[in-house]
Amino acid sequence: MKDRQPLKILLLSAEVVPFAKIGGLADVAGSLPKAIRALGHDIRVAMPRYGRIDPQRFGLKEVLPAFPVPMDKQMEEAAVLQGSIAPDIPIYMIENAKYYDRDGIYMYPDDAERFIFFCRTSLEMLKRLGWCPDIIHCHDWHTAIVPNWLKTIYKDDPFFAHTATVYTIHNVAYQGIFGYRVLEIAGIGEYGFMHHPEMADLTEVVDLMARGIFFADVINTVSETHAQEILTPEFGQKLDPLLRDRRERLFGILNGIDYELMNPATDKYIAQNYDVNSLEKRVHNKLALQREANLKEDAAVPLIGIISRLTDQKGVAILGDVIDHVLDLDLQFVLLGTGEPHYHEMFSRIAQAYPGKAAIFLTFNAELAQKIYAGTDMFLMPSRFEPCGLGQMIAMRYGNVPVVRATGGLADTVKDFDPRTGEGNGFSFVPYDRWALFATIVRALENYKYKDTWRQLQMRGMAADFSWDASARKYVDLYYHALAARGKEAEPS
Ligand code: ADP
């Protein structure tokens, strides 16, 4: 094992900012490497070269001409292009027209095959490049097969003799569940299904995330609280028995936010730049937002914002149950989000029922999002579950006070304000219950009346460090831990 020497790390992800993004995974895969590199490690990234990624625009150059990759019982050709995420961080793009030359990224019937090919090519590519990583860092179901391979078909391969795996779960709800055929395509048919006494399903399906959890040297999810939550049936999405077995290898590391992009002092989208020393200027963003959103211009009225996917996960159901009561109070409300059609209907009704008081934008708009972070007083996230959550961290960076349900990463980042001690940086509630949400909004509104108190809350959020630096150090510790844990592994069953 290397003792705190600089490491070589290959990060595998199906999405990476700025090349292809569907969700938060892309943000992590695009920004974590920069922070790891800044700590002195040689980190490189690999992803598929989807049809929508223009090689010219990103200056991609062929680094490996077409070579054969084992797939199923045959060989399939792949080439590798190379670009960069930052000056010292190469990104390898796996090229194969049949699998990736399509309009979208996911949701194809052969997704299992497409991502198995991506993973297999990435491993074979390393040998051809002669670059042997200490760590392969896999993310979500798309790359979960890699730890499985390193303990089976690559077990005796001297090239990978010292390589350890880290498996990061961003959302345990998406596991990559397929049939037996996938094992044959991956070349591990002879090992058959997995077996677990408390997970009967595993003898009938191939659950790729379960394999990542079972075979990786260490596992993590994206907040400490969520790492505990997924050990329970309530949050584990049926993987909790396996996660409990592996709990000694399971960790929680909070995602960071990009402090350069998310900066009220330089943000190009907002009406008035400001920082913690010029918080009084922030009100101009509120007035500009009220104008843009057709709300009554009023610096004093509390303005609540929400930016969210409109899904059950985000607690939109309990919000919908009390929204009329909330809008009876003396406040304004602005929502930006897209999601399930019944929630679109619900908020369309709200927009009609409360003109001048509630502004509803049922669209995806990155520019408007920044205006809402900078222009609202409170930021609402009543999530049912939340592995990490970025919105509350961005809000605090912008001097916006979060009102959240204490679950997952929200519990780790937002501490409920206690007027007796003056401690806390926002407002939170525990039971997933409409009246608990309502009471917490009321509590936030009461405190909003005390300008000094409120200013303290704003400043505390702005002073907190939610940058990647602290989390990247924890990932580096995790990498060393994986190297130490390697070899002390259960044999495949
Ligand atoms: P999740 O990844 O589960 O959707 P997060 O809070 O981790 O939730 O990240 C959501 C990110 O997407 C935040 O940066 C938020 O500002 C942004 N976002 C969500 N919905 C929209 C939207 N409709 N328009 C613009 N940005 C959005």
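Whatever order the structure lists ligands and atoms in, that order sets their numbers, starting from 1. Quick note: numbers below take in every heavy atom, side chains included, and nothing from hydrogens, waters or symmetry partners.
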- Query: side chain to side chain donor-acceptor pair (under 3.5 Å) with Q370: which of N285, D267, N365?
  - Reply: D267
- Query: In terms of side-chain heavy atoms, does Y274 have a donor or acceptor partner in H284 at a distance below 3.5 Å?
  - Reply: no
- With E95 via side chain to side chain donor-acceptor pair (under 3.5 Å) - residues at least two apart: R49
- Message: I'd like to know if the side chain of N273 and the backbone of P264 have a donor-acceptor N/O pair within less than 3.5 Å.
- Response: yes
- Given L380, which of V326, L319, V404 fulfils the side-chain contact (heavy atoms from CB on, under 4.5 Å) condition? L319
- Cation-pi, Y108 ring and R114 (6.0 angstrom, 45 degrees): no
Ligand 1: which protein N/O atoms lie under 3.5 Å from its N/O atoms?
{"from": "ligand 1", "atom 1": "3 (O)", "to": "R309", "atom 2": "NH2", "distance (Å)": "2.8"}
{"from": "ligand 1", "atom 1": "3 (O)", "to": "K314", "atom 2": "NZ", "distance (Å)": "2.8"}
{"from": "ligand 1", "atom 1": "4 (O)", "to": "R309", "atom 2": "NE", "distance (Å)": "2.8"}
{"from": "ligand 1", "atom 1": "6 (O)", "to": "L390", "atom 2": "N", "distance (Å)": "2.9"}
{"from": "ligand 1", "atom 1": "6 (O)", "to": "G391", "atom 2": "N", "distance (Å)": "3.3"}
{"from": "ligand 1", "atom 1": "7 (O)", "to": "L390", "atom 2": "N", "distance (Å)": "3.1"}
{"from": "ligand 1", "atom 1": "8 (O)", "to": "K314", "atom 2": "NZ", "distance (Å)": "2.9"}
{"from": "ligand 1", "atom 1": "16 (O)", "to": "Y373", "atom 2": "OH", "distance (Å)": "2.6"}
{"from": "ligand 1", "atom 1": "23 (N)", "to": "T363", "atom 2": "O", "distance (Å)": "2.9"}
{"from": "ligand 1", "atom 1": "24 (N)", "to": "N365", "atom 2": "N", "distance (Å)": "3.0"}

